[in-house]
Amino acid sequence: QVKLVEPGGGTVQAGGSLRLSCTVTGACNFFMGWFRQAPGKEREGVACMTPNGGMIYYADSVKGRFTFSKDNARNTLYLPMSTLEPEDTAMYYCAAAFWINSATWSEPNTFRYWGQGTKVTVSS
């Protein structure tokens with residue numbers, strides 16, 4: 001059984017940093033992703049990693065500010081976020097997919113399993 005659990009996000013001032021984590025069980029050899037959904041907006045892809053970690057895709061809006069990593073020993077994904085902006089305020093979700101490619105990695109319906117989401121608020 002695949003289970004994704006995200007501890008709490010948090011509130012940070014603009015320009016600050018925050019690190020999200022996601023503990024994964026039962027999802028070996030999956031494509032792993034981070035998504036976010038701001039109030040009144042559609043869910044959007046933030047980053048996606050191939051099973052071996054060899055390829056990571058990022059949304060243009062977070063390139064250079066967010067870094068997707070994983071610790072296989074702890075079965076945990078990380079998303080350190082820096083230089084945060086009020087526009088980054090959203091619910092953030094980790095997710096697992098059986099297969100993605102460069103054209104589909106940011107599409108939520110490509111992902112089969114989802115965490116419960118964690119709230120990130122960036123104040124101006």
Side-chain angles (χ1 to χ4, degrees):
Q1 182 179 358
V2 177
K3 189 175 183 181
L4 309 173
V5 178
E6 307 159 38
T11 299
V12 63
Q13 288 190 330
S17 301
L18 196 64
R19 189 181 76 165
L20 302 182
S21 63
C22 173
T23 302
V24 182
T25 54
C28 294
N29 296 317
F30 277 61
F31 292 79
M32 304 304 300
W34 286 98
F35 286 78
R36 66 185 181 185
Q37 187 166 18
K41 295 188 177 181
E42 294 185 352
R43 192 169 297 190
E44 63 175 0
V46 174
C48 179
M49 179 185 292
T50 55
N52 64 1
M55 177 70 74
I56 302 175
Y57 302 97
Y58 291 99
D60 288 342
S61 59
V62 306
K63 280 180 182 177
R65 301 189 300 123
F66 293 12
T67 305
F68 191 173
S69 65
K70 66 177 178 178
D71 184 334
N72 289 325
R74 290 184 167 83
N75 295 321
T76 301
L77 310 175
Y78 298 103
L79 188 70
M81 306 180 294
S82 63
T83 321
L84 284 162
E85 304 165 352
E87 293 73 23
D88 295 316
T89 295
M91 285 292 292
Y92 283 73
Y93 302 86
C94 59
F98 295 111
W99 176 258
I100 59 96
N101 58 37
S102 59
T104 65
W105 75 265
S106 62
E107 297 177 7
N109 59 11
T110 303
F111 286 75
R112 175 65 176 85
Y113 301 100
W114 292 84
Q116 81 282 6
T118 186
K119 188 173 183 180
V120 172
T121 302
V122 183
S123 60
S124 57

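For reference, positions follow the sequence shown, starting with 1.
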Rounded distance (nearest 0.5 Å) linking atom [atom1] of [X] with atom [atom2] of [Y]:
X	Y	atom1	atom2	result
Thr118	Leu79	OG1	CG	11.0 Å
Glu107	Asn101	CD	CG	8.5 Å
Ser106	Ile100	OG	CD1	9.5 Å
Ser82	Asp88	OG	CG	9.5 Å
Cys22	Gln116	SG	CD	8.0 Å
Tyr113	Leu4	OH	CG	9.5 Å

Nearest heavy-atom neighbours spanning [X] and [Y]:
X	Y	result
Ser124	Ala14	CA-CB, 4.3 Å
Phe68	Gly33	CE1-CA, 4.1 Å
Trp99	Thr110	O-CG2, 3.3 Å
Pro7	Ser21	CD-O, 3.3 Å

Out of curiosity, does [Y] fall in the hydrophobic cluster containing [X] (side-chain heavy atoms, cut-off under 4.5 Å, transitive links)?
X	Y	result
Phe31	Val62	no
Val12	Phe66	yes
Met32	Trp114	no

Legend entry - Phe30 and Phe98 aromatic ring geometry - parallel, tilted or perpendicular at 30°/60° bounds: tilted
Legend entry - Mutual orientation of the aromatic rings belonging to Tyr57 and Trp105 [parallel < 30°, tilted 30-60°, perpendicular > 60°]: parallel
For [X], look at atom [atom1] and say whether over 12 heavy atoms of other residues, nucleotides or ligands are found less than 6.0 Å away.
X	atom1	value
Glu42	CD	no
Asn29	CG	no
Gln13	CD	no

Would you say [X] and [Y] make side-chain contact, with heavy atoms under 4.5 Å?
X	Y	value
Leu77	Val24	yes
Arg36	Ser61	yes
Trp34	Met81	no

Could you tell me whether the side chain of [X] and the main chain of [Y] form a donor-acceptor pair under 3.5 Å?
X	Y	answer
Glu6	Leu20	no
Thr25	Val2	no
Thr50	Met55	yes
Thr89	Val122	yes
Thr121	Thr11	no
Tyr93	Gln37	no
Thr67	Pro80	no

Legend entry - side chain to side chain contact (heavy atoms under 4.5 Å, CB included) evaluation trace for Met49 with Lys70: CA-CA 9 Å; Met49 179 185 292; Lys70 66 177 178 178; 3.6 Å; yes
Inset, instruction - Would you check if the distance from the ring center of Phe111 to the ring center of Phe35 is below 6.0 Å? - result: yes
